[in-house]
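Below, chain A is the first sequence line, B the second, and so on; all start at residue 1. Reckoned from all heavy atoms, side chains included, excluding hydrogens, waters and symmetry mates.
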Number of protein chains: 2
Amino acid sequence: MSGRREEILDAAVAIADERGVDAVSMRALADRVGVTPMALYRHVKDKAALLDGMVGRLLTALLPADPAEEHTWDERLRALAHAARKVTQQHPWAAHLLFSRPAVTPDGLRAVDIIYTALIEAGVPEPQVPRLERLISTFVIGFAASEASGRFTPGAEDPRGRRGRPDDGELPGHRALGPWLDLPLDLTAEFEADLADITRLVEAVARYEE
Amino acid sequence: MSGRREEILDAAVAIADERGVDAVSMRALADRVGVTPMALYRHVKDKAALLDGMVGRLLTALLPADPAEEHTWDERLRALAHAARKVTQQHPWAAHLLFSRPAVTPDGLRAVDIIYTALIEAGVPEPQVPRLERLISTFVIGFAASEASGRFTPGAEDPRGRRGRPDDGELPGHRALGPWLDLPLDLTAEFEADLADITRLVEAVARYEE
DNA sequence: ACCTGAACACCGTTCAAGT
DNA sequence: ACCTGAACACCGTTCAAGT
C-alpha cells in the first residue's frame, strides 16, 4: 500500500503544504526524496500526473472509514461535505485541482457512490440522481475552493481594485443591504445553512415525482 | 476606455483562447504586442495582476447592458447565470480563475449587486441575502469550471485511473443506477434544471421567514 | 516618461550514458 | 531495471542603461 510512488506523492503534498503548489517542482521534489529529477519520471508520467496523484492521496484520506456508520442519508451527505471542506482547509492548494479532473479514480468513484446511495435513499427519482450528485459536488467543491482562495473574504489583505468602485447609487442592492454586508463571516455556520438548504432541495425533488 | 492596458489584456486573452493560459507568458505577450517583455511591467504589476486583468476584461463583457430589461427576478438571475456559462464556454481557461479572487472590481460588484437585488425582490430576508448570493455564485462558477475542465465528462479522452476501478459490488449506488449512468449528458438542459431547483430553494428561504 | 539588453535564478522534459 | 549528467528550450523578474 505504501510503495515508492505514495512516498513521492506524500513528499509533494508536504512541499505544497509548506510552501505552496508553485513550489512543487520536479527539481524540488527530487531534492526532497533524495534523487535526481529524472528518477521521478519512473514513478510519475508527468508534472500533470504528479498533481493528479497528489489530489488522489487527499481523496483517499477524505473518505469515511465506514460510510454506513452515519444513520440517515442527509447525515452521510453532510459528513462527506464536511470532510471535503476540512481537507481543503488543511491543503488550500488542492481546492481548485478538484475541479480540473473527473473523479474516475477508485476513491473518487467511492465518494460519488456515497452521494448516489444517499440520494436514492432520499427518494430522488433515479434519472435525476446523477444530476443532483453533480449539483451537490459542484457546490461543495466550489465552496471549498472559494474559501481556500479567499473569494469569500475580500479586503483581508488584498485591497486591490477598490479604486474604481462604483458609487452606491449604481449599486442599489448593496445600498439596501447596508449593515448586513459588514458583518463578520462565520463560514462554518454558513456552510451548515447551505447544506440544510440543499437537503431541502433534494427533498423537494424527491417529493416532486413521487 | 480602450487604453494601452486594455489592448495588452485583450492580446493576452487572445493568446489564452488560441493556445491555452499556459501559453500566456510575459515573453509571448510582449512579442504579440510588439514590445520587449519588460515594457509590459509598465502597464501590469505582475504576472498575477495580468491574469486578474484578463478575467476583468471577461467580466466586463459578461454584464448585461441593462439589468432591468428582464422582467422578473428569476429571469434576471437566469440571464446572468447563462451569461457566465457562455463566457467560460468561450474562454475555458478563465473558469477556475473566477474562484481565485474576490469580486472586488467594479464589474464584479455590479454582478453581485444584480444578484442582491434579485434576492431582495424575491422576498429573501435581508440578513440571508449575502449568504444566498454566495451560494448561487459558487454553484454557477463551479458548474462553469466543471464543464470547462471536463470534470463532468470523464472518459472523453482521458481514460486514466480506470485500472484500479473498484468492483461494482463495492459501489452499490452505481449498480443501482445502472443504465441511467450511460446516458449522454445534455449540460444545457442540466444547467437549466439546476437553476430551476435553485430558484425553488430561494423561494423556500423567502417563504420561511415571511 | 518609456523602453531595452543582459543577466539571474529558475522551470519541465529529452536523450544518451552509466551500473 | 533503475538512476544520472548534460543539455534544450523555456520561464518571471531585477537592474542598469539608453533615448
Protein heavy-atom contacts under 4.0 Å, written 5' to 3' over nucleotides 13-19 of chain C as B (base), S (sugar-phosphate only) or - (none), form the string BBB----
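- C:dA9 sits 22 Å from D:dC10 when the P atoms are compared, rounded to a whole Å.
- The side-chain contact (heavy atoms from CB on, under 4.5 Å) test applied to B:Leu80 returns B:Leu62, B:Pro64, B:Ile114, B:Ile115, not counting sequence neighbours.
- Listed by chain and number, the residues in a side chain to side chain donor-acceptor pair (under 3.5 Å) with A:Arg131 are A:Gln128, B:Asp194, B:Asp197 (sequence neighbours excluded).
- In this structure, the side chain to side chain donor-acceptor pair (under 3.5 Å) partners of B:Thr188, at least two apart in sequence or on a different chain, are B:Arg85.
- Applying the side-chain contact (heavy atoms from CB on, under 4.5 Å) criterion to A:Ala39, with sequence neighbours excluded, gives A:Val35, A:Thr36.
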Can you run through DNA chain C from 5' to 3' and write each base as (, ), [, ], | or . depending on how it pairs? Watson-Crick or G-U wobble, both distances under 3.5 Å. ||.|||||...|||||.||
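- The distance between atom NE2 of A:His43 and atom P of D:dC2, rounded to the nearest whole Å, is 7 Å.
- Within a heavy-atom distance below 4.0 Å of DNA chain D, no residue of residues 10-17 of chain A is found.
- Applying the side-chain contact (heavy atoms from CB on, under 4.5 Å) rule to A:Val24 yields the partners A:Ala12, A:Ile15, A:Ala16, A:Leu50, A:Met54; only residues at least two apart in sequence or on another chain are considered.
- Shown here are the side chain to side chain donor-acceptor pair (under 3.5 Å) partners of B:Glu170, two or more places apart in sequence or in another chain: A:Arg110.
- OP1 and OP2 of C:dC3 both lie 4.0 Å or more from every side-chain N or O belonging to B:Thr36.
- When the side chain to side chain donor-acceptor pair (under 3.5 Å) test is applied to A:Asp46, no partner is found at least two apart in sequence or on another chain.
- A salt bridge (Lys or Arg N to Asp or Glu O under 4.0 Å) check over residues 9-22 of chain A, counting only residues at least two apart or in different chains, returns the pairs A:Asp10-A:Arg57, A:Glu18-A:Arg32.
- For A:Phe152, the ring pair (Phe, Tyr, Trp, His ring centres under 6.0 Å) criterion is met by A:Phe143, not counting sequence neighbours.
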